[in-house]
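Here's the structure, in structure tokens; my notes come after.
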Number of protein chains: 2
Amino acid sequence: MAKPGAPSNVAGESGGRSAETRRLLIEAAVTTLQSEGYAGASARAIAERAGSNQGLIFYHFGSVANLLLAALDAVSSARMERYGESVAEVGTTGELVETATDIFRSDLDAGYITVLVEMIAGASSTPGLGAEVAARIEPWKAFAQDAIEHSLHGSPLGALLPSEDIAYAVVALYLGLEMLSHLEGDRQPALALFAHAQRLAALFETMTVTPTTREAK
Amino acid sequence: MAKPGAPSNVAGESGGRSAETRRLLIEAAVTTLQSEGYAGASARAIAERAGSNQGLIFYHFGSVANLLLAALDAVSSARMERYGESVAEVGTTGELVETATDIFRSDLDAGYITVLVEMIAGASSTPGLGAEVAARIEPWKAFAQDAIEHSLHGSPLGALLPSEDIAYAVVALYLGLEMLSHLEGDRQPALALFAHAQRLAALFETMTVTPTTREAK
DNA sequence: GTCTATACTTGGATAGAC
DNA sequence: GTCTATCCAAGTATAGAC
């Protein structure tokens, strides 16, 4: 391996001049993707935001696409960490929906899903990028499936539909809601849906706690 | 008005040299958006596909963005026409889901939703484009809401959730499923979801025909 | 090893030919 | 009115300076 676009930086020096530059570029790449989209995320635009020379992108990452993938990685890993904490506390379906609402709101406000959406849509224009992006979506699907299995375990809905398929739909809906919210500059309709989901989850739970509670009328 | 980018072509001549060029360009714009994405839909790329000079795009449409919007319009109106026919025959929720499946499959295969997705994602990079695209999504939402109201009218689910909110979710899911299917080059998971929805719709109908059927146990 | 100055390519837009 | 030749800006990538 040892390709030119990935300097080793072996020394024990703690500062890490190279690492700092890389960090700045990745941060700028995230911001640029969010506000200018994939088509606007050029080497020049990103470098300007990072306050560095555009040539550095090719030295440190080999290509713009590679830098954007690094940006996607950074966002993904940061989010996964947060998700992991939240989902550990989830038991019932109602709690799951509540947690999902919180996560969605903060993801939406921070523009994390925007990065994902732009990379997916942008992948069409850069050969080979699609597979890389697809691989980075897998953890999101796996996470969703995991959360669903934990909270729907033993529930009727869980018996009716494979958790893998539900997870696929959840991720798709997540992406779609971001697109519409972002486009219209209005997160309200999407959040209204989560409110509905919470109501339905509550209703669903009371309906199916046990069939025998019915006779207590 | 009478802006330079929109020639009048007033004469009664049926051929329409200008109209033909415009048609070719719009067609090529659709194809290019589908296979190269928004970032790859440059004037040169589109013109090459159309077999014409790239300068014609600016003469006929004023800018690349305007041509892409025209392409989106063409796709939208073509689809709306087909949708209108299909939904007229829909009565029950089960039929609605069945019709939605057919529509989704053909839209997916023909790449129509791809055009929508690329335009939404691409809008971030071109000032002013977002509002134009948003306006062109309205008919899709209105159509979905209309179809939902027709088939859910009087049903319990219809009473539980506002049709406008369901429509929003449906459009979002539609977009998200396209993104994932396109990215992974596999439409199977998305179609599996529609199959589940059909099963659930059938189950839902038998469960809620009338509450009094329960006593017949 | 890190970064900058420069080379070359592609893209948007228009002046002017027909 | 329709189209083409041409211009300049913006993009990627690298040769070479430090």
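Excluded from the calculations below are hydrogen atoms, water molecules and symmetry mates; all remaining heavy atoms, backbone and side chain alike, are included. To find a chain, count down the sequence lines: A is the first, B the second, and so on, and within it residues start at 1.
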- salt bridge (charged side-chain N to carboxylate O under 4.0 Å, His left out) filter on A/D107, not counting sequence neighbours, yields A/R79
- Message: Applying salt bridge (charged side-chain N to carboxylate O under 4.0 Å, His left out), can you list everything that pairs with B/R23, at least two apart in sequence or on another chain?
- Response: B/E20, B/E27
- Hits for side chain to side chain donor-acceptor pair (under 3.5 Å) against B/Q145, two or more places apart or cross-chain, chain-then-number order -> B/E149, B/S163
- Message: Rounding to an integer number of Å, can you tell me how far A/I57 CD1 sits from C/dT2 P?
- Response: 16 Å
Quick one: side chains of residues 47-57 of chain B, donor-acceptor pairs under 3.5 Å with protein atoms, not counting sequence neighbours, listed by atom name and distance.
residue: B/R49; atom: NE; partner: B/T32; partner atom: OG1; Å: 3.2
residue: B/R49; atom: NH2; partner: B/S35; partner atom: OG; Å: 3.0
residue: B/N53; atom: OD1; partner: B/G55; partner atom: N; Å: 2.7

- When you check the side-chain N and O atoms of B/S86 and B/R82, is any donor under 3.5 Å from an acceptor? yes
- Message: Using whole Å, what does the distance between atom C1' of nucleotide D/dG1 and atom CZ of B/R17 come to?
- Response: 7 Å
- State which residues pass ring pair (Phe, Tyr, Trp, His ring centres under 6.0 Å) with A/F194; sequence neighbours excluded, sorted by chain then number. A/F104
- Item | C/dT2 phosphate, OP1 or OP2, under 4.0 Å from A/S18 side-chain N/O | yes
- Tell me, please, which residues at least two apart from B/Y83 pass ring pair (Phe, Tyr, Trp, His ring centres under 6.0 Å). B/W140, B/F143
- Task: Would you check if there is a donor-acceptor pair between the side chains of B/Y38 and B/T126 at a distance under 3.5 Å?
- Result: yes
- Item | Terminal helix-axis angle for the helix from C/dG1-D/dC18 to C/dC18-D/dG1, with five pairs defining each axis and rounding to 10 degrees | 0°
- Quick one: B/R23 CZ to D/dT2 P, roughly how many Å, whole number? 16 Å
- Task: Measure the distance from CZ on A/F61 to C1' on D/dT12 and round it to the nearest whole Å.
- Result: 16 Å
- Query: Any side-chain N or O of A/T21 less than 4.0 Å from the OP1 or OP2 oxygen of C/dC3?
  - Reply: yes
- Send over the distance from A/R22 CZ to C/dT2 P, rounded to a whole Å. 10 Å
- Where protein sits on nucleotides 12-18 of chain C, one letter per nucleotide: B base, S sugar-phosphate only, - none, heavy atoms under 4.0 Å: BBB----
- Message: If you compare every side-chain N and O of A/H60 against the phosphate oxygens of C/dC3 (OP1, OP2), does one of them come in below 4.0 Å?
- Response: yes
- Report the residues that fulfil salt bridge (charged side-chain N to carboxylate O under 4.0 Å, His left out) with A/E81, sequence neighbours left out, ordered by chain and then residue number. none
- To the nearest angstrom, the CG-C1' distance between A/L68 and D/dG11 comes to 14 Å
